[in-house]
Visitor: 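Pasting a structure below so you can have a look.
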Amino acid sequence: MAEEVKGHLPYEKTHRLKSLLLVVTVVGRGQGDAIVSLANKYECNFSFISHGRGTAPNNFYAILGSGSLKKDVVFSIMKEINYQGFEKELKARFAVSAMAKGISYCIRMDSVAGVSVYKMLSNTRYFEKASKHMKK
């Protein structure tokens with residue numbers, strides 16, 4: 001193989017890769033920072049908040065007496081092994097009050113371009129050394 005000729009093995013041959021998820025969470029405006037803090041607790045190295053608008057008609061929110069059309073959409077990338085704990089705490093947060101309601105879903109990431117990008121998104125420490133005997 002070409003990589004063996006150069007004396008280098010691909011990253012996935014020397015390191016155990018972790019599956020990544022793109023987690024999208026939609027909450028009321030002003031709640032996004034709390035979601036980012038929660039994601040960081042589960043080793044999420046990459047999150048950003050985008051502003052959005054809900055699709056329900058204005059009178060729907062007037063009937064409920066809470067919320068608004070203005071939303072925070074939080075995009076986070078985290079390891080799949082950390083998602084279960086994040087989801088559990090997120091559900092508990094959504095159950096607190098009508099103001100804390102939201103929706104969340106995740107999409108599995110099949111690949112990323114480049115080892116450095118993968119390390120950043122997976123929150124892999126740069127001082128991590130290659131394992132000589134990877135367990136399968």
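Values below: every heavy atom of this structure, side chains too, minus hydrogens, waters and symmetry copies. Residue numbers start at 1 and run along the sequence shown. It should be emphasised that the depicted structure is a prediction, and the values quoted were computed from it without experimental measurement.
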Visitor: Mind checking side-chain hydrogen bond (donor to acceptor under 3.5 Å, both in side chains) for Lys101 and listing every partner two or more places apart, or none if nothing turns up?
Guide: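 Listed in chain order: nothing, the list is empty.
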Visitor: For Lys79 and Ser122, work out which heavy atoms get closest and say how close.
Guide: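 Heavy atoms of Lys79 and Ser122 come nearest at CE-O, 2.6 Å.
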Visitor: Through direct or indirect side-chain contacts below 4.5 angstrom among Ile, Leu, Val, Met, Phe, Trp and Tyr, which residues connect to Ile49?
Guide: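 Taking Ile, Leu, Val, Met, Phe, Trp and Tyr as members, Ile49 shares its hydrophobic cluster with Leu21, Val23, Val27, Ile35, Val36, Leu38, Tyr42, Val74, Met78, Tyr83, Phe86, Leu90, Phe94.
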Visitor: Please list, chain by chain and in numerical order, all residues satisfying side chain to side chain contact (heavy atoms under 4.5 Å, CB included) with Ser111, sequence neighbours excluded.
Guide: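 Ser111 satisfies side chain to side chain contact (heavy atoms under 4.5 Å, CB included) with no residue once adjacent residues are dropped.
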Visitor: Atom NZ in Lys70, atom CZ in Arg53: separation rounded to 0.5 Å?
Guide: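 Lys70 atom NZ to Arg53 atom CZ measures 8.5 Å (nearest 0.5 Å).
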Visitor: Shared ILVMFWY cluster between Met120 and Val115, side chains joined below 4.5 angstrom?
Guide: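 Shared cluster, yes.
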Visitor: Nearest 0.5 Å, what's the CG-CD distance between Asn82 and Glu43?
Guide: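 Taking CG in Asn82 and CD in Glu43, the distance rounds to 5.0 Å.
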Visitor: Restricting to non-hydrogen atoms, name the atom on Gly52 and the atom on Arg29 that form the minimum distance, rounded to 0.1 Å.
Guide: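 Between these two residues, the closest heavy atoms are O-NH2, 3.4 Å.
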Visitor: Compare all side-chain heavy atoms of Asp72 with those of His51 and state whether any distance is below 4.5 angstrom.
Guide: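 Yes - at least one pair of side-chain heavy atoms lies under 4.5 Å apart.
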Visitor: Go through the structure and list residues passing salt bridge (charged side-chain N to carboxylate O under 4.0 Å, His left out) with Lys88, not counting sequence neighbours.
Guide: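 Checked Lys88 against salt bridge (charged side-chain N to carboxylate O under 4.0 Å, His left out); zero matches.
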Visitor: For Val112, what residues pass the side chain to side chain contact (heavy atoms under 4.5 Å, CB included) criterion, not counting sequence neighbours?
Guide: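 Here the qualifying residues are Met109, Val117, Tyr118, Leu121.
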Visitor: If I take atom CG from residue Leu20 and atom CD1 from residue Ile107, how far apart are they, to the nearest 0.5 angstrom?
Guide: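 So the gap between those two atoms works out to 13.0 Å.
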Visitor: So do Glu87 and Lys91 actually touch side chain to side chain, heavy atoms under 4.5 Å?
Guide: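 Yes, at least one pair of side-chain atoms sits under 4.5 Å.
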Visitor: Run the salt bridge (charged side-chain N to carboxylate O under 4.0 Å, His left out) test against Lys18 and tell me which residues pass, sequence neighbours left out.
Guide: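 In terms of salt bridge (charged side-chain N to carboxylate O under 4.0 Å, His left out), with neighbours along the sequence ignored, Lys18 is linked to no residue.
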